[in-house]
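Quick notes on the structure that follows.
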Amino acid sequence: MTLPLNHSWREMLGPELDAPYMQALTAFLTAERAVGKTIYPQEADYFAALNAVPFADVKLVILGQDPYHGEGSGAGQAHGLSFSVKPNEKVPPSLKNIYKEMAEDLGITQPDTGYLMPWAEEGVLLLNAVLTVEAHKAASHQGKGWESFTDKIIEVLNAEREGLVFILWGAGAQKKGAKIDRARHLVLEGPHPSPLSAYRGFFGCKHFSQANAYLAAQGKAPVDWQLPSASNQLSLLD
């Protein structure tokens, strides 16, 4: 793929971008767009999570599954960061539950925006296992090659960095993180925050405080999880 990619990630993933499976994935996405299918996020945002956090700046990874497939206010909710939506979109149910747990764990205010770019700026890699989806068709791009690419991202982080936090919510994320070296990194696992499963142990998991305690013990700055208000975020974007 020839999409813009942060040079630090291109150094780590360069050969992967030219692998046969990525060429096949590129051909698939091109063909889907050619027949008029709407794909989220926009093409320029496929690598948004990586472009938001240079390789050396990653200190925590939150692994999601697929981009949001809803159109939201018109251009799509998804913008390339897992669990995040654009500032003018409604906060999705799973993210509301994440905020509820975060507020209970840390005693901070629940945000009124679903835009998580400030977390990325704190060193949080908001990575989906699959980086694209067809509009209104959840999981429609699973098995097309993205999983191999994001496996490689996790592989290089695991091997080349130390003292990272990996937050894996749900069986899919936990399966993808099975090869993470628990002696080198902190792995926090729990049920997915969706309304269907959050009450099975996601609420009360205290992953936010555990992550910050670990980072502090590693001599790293804890993540500031408090997000600016929606109006402040929109004014910054303007």
Side-chain angles (χ1 to χ4, degrees), residues 1 3 21-22 24-50 52 61-101 113-117 119-120 124-154 166-178 189-203 205:
M1 286 192 176
L3 297 173
Y21 78 86
M22 286 294 280
L25 173 61
T26 301
F28 164 75
L29 294 170
T30 300
E32 292 289 276
R33 289 193 298 268
V35 297
K37 293 184 179 180
T38 299
I39 296 173
Y40 296 136
Q42 296 180 16
E43 189 174 7
D45 288 333
Y46 289 179
F47 296 149
L50 300 176
V61 180
I62 296 179
L63 186 61
Q65 188 57 50
D66 297 286
Y68 295 116
H69 57 85
E71 63 184 16
S73 59
Q77 298 168 291
H79 66 102
L81 307 186
S82 64
F83 294 103
S84 182
V85 293
K86 297 171 184 175
N88 56 337
E89 299 290 346
K90 293 181 179 179
V91 179
S94 291
L95 188 53
K96 285 183 179 180
N97 285 339
I98 290 172
Y99 288 168
K100 183 176 180 180
E101 170 59 25
T113 172
Y115 187 61
L116 304 183
M117 185 61 77
W119 289 359
V124 179
L125 179 63
L126 294 157
L127 181 68
N128 278 317
V130 175
L131 302 187
T132 59
V133 69
E134 183 180 343
H136 311 300
K137 292 187 178 180
S140 52
H141 289 184
Q142 289 185 10
K144 302 298 184 181
W146 281 126
E147 293 92 341
S148 296
F149 181 68
T150 52
D151 278 348
K152 186 64 175 181
I153 293 171
I154 294 171
F166 291 85
I167 295 181
L168 310 177
W169 292 322
Q174 290 161 23
K175 181 178 179 181
K176 197 168 182 69
E189 300 179 331
H192 195 275
S194 79
L196 297 175
S197 56
Y199 288 94
R200 299 174 186 167
F202 174 77
F203 290 132
C205 68

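Model, not experiment: these values are computed from the prediction.
- Classified by interplanar angle (parallel below 30°, tilted 30° to 60°, perpendicular above 60°), the ring pair Phe47/Phe149 is tilted.
- Legend: residues meeting salt bridge (charged side-chain N to carboxylate O under 4.0 Å, His left out) with Lys176, ordered by chain and number and at least two apart, are Asp151.
- Atom CD of Glu32 has more than 12 neighbouring heavy atoms from other residues, nucleotides or ligands inside a 6.0 Å radius.
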Practice task
Could you go through the side-chain contact (heavy atoms from CB on, under 4.5 Å) check for Thr132 and Trp146 one step at a time?
Solution key: CA-CA 8 Å; Thr132 59; Trp146 281 126; 2.8 Å; yes
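- Among all heavy-atom pairs drawn from Ser82 and Ile62, the shortest one is OG-O, 3.3 Å.
- Residues meeting the side chain to side chain contact (heavy atoms under 4.5 Å, CB included) test with Glu101, sequence neighbours left out: Asp105, Phe202, Phe203, Cys205, Lys206, Phe208.
- Of the possible polar contacts, none joining the Glu189 side chain to the Ala171 backbone as a donor-acceptor pair under 3.5 Å is found.
- For Ser94, there are no side-chain hydrogen bond (donor to acceptor under 3.5 Å, both in side chains) partners at least two apart in sequence or on another chain.
- With sequence neighbours excluded, the residues that form a ring-ring contact (aromatic ring centres under 6.0 Å, His included) with His192 are Phe83.
- For Thr38, the side chain to side chain contact (heavy atoms under 4.5 Å, CB included) test picks out Tyr40, Ala135, with sequence neighbours left out.
- Tyr68 pairs by the ring-ring contact (aromatic ring centres under 6.0 Å, His included) definition with nothing, not counting sequence neighbours.
- With sequence neighbours excluded, no residue forms a ring-ring contact (aromatic ring centres under 6.0 Å, His included) with Tyr21.
- Annotation for His79 and Ser84: closest pair NE2-OG, 2.7 Å, computed over non-hydrogen atoms.
- Partners of Lys100 according to the side-chain hydrogen bond (donor to acceptor under 3.5 Å, both in side chains) rule, which considers only residues two or more places apart in sequence or in another chain, do not exist here.
- Of all non-hydrogen atoms in Leu25 and Gly145, the two that sit nearest each other are CD2-C, 4.3 Å.
- Shown here are the side-chain hydrogen bond (donor to acceptor under 3.5 Å, both in side chains) partners of Ser194, two or more places apart in sequence or in another chain: Ser197.
- For Gln142, the side chain to side chain contact (heavy atoms under 4.5 Å, CB included) partners two or more places apart in sequence, or in a different chain, are Gln65, Asp66, Val130, Ala139, Glu147.
- In this structure, His136 and Glu71 have side chains that are in contact, with non-hydrogen atoms separated by less than 4.5 Å.
- Under the side-chain hydrogen bond (donor to acceptor under 3.5 Å, both in side chains) criterion, Lys152 pairs with Glu155, not counting sequence neighbours.
- For Lys137, the side chain to side chain contact (heavy atoms under 4.5 Å, CB included) partners two or more places apart in sequence, or in a different chain, are Glu134, Ser140.
- Minimum interatomic distance between Leu29 and Ile39 (heavy atoms only, all atoms of both residues): O-CD1, 3.9 Å.
- Checking side-chain atoms of Asp45 against main-chain N and O of Gly80 turns up no donor-acceptor pair under 3.5 Å.
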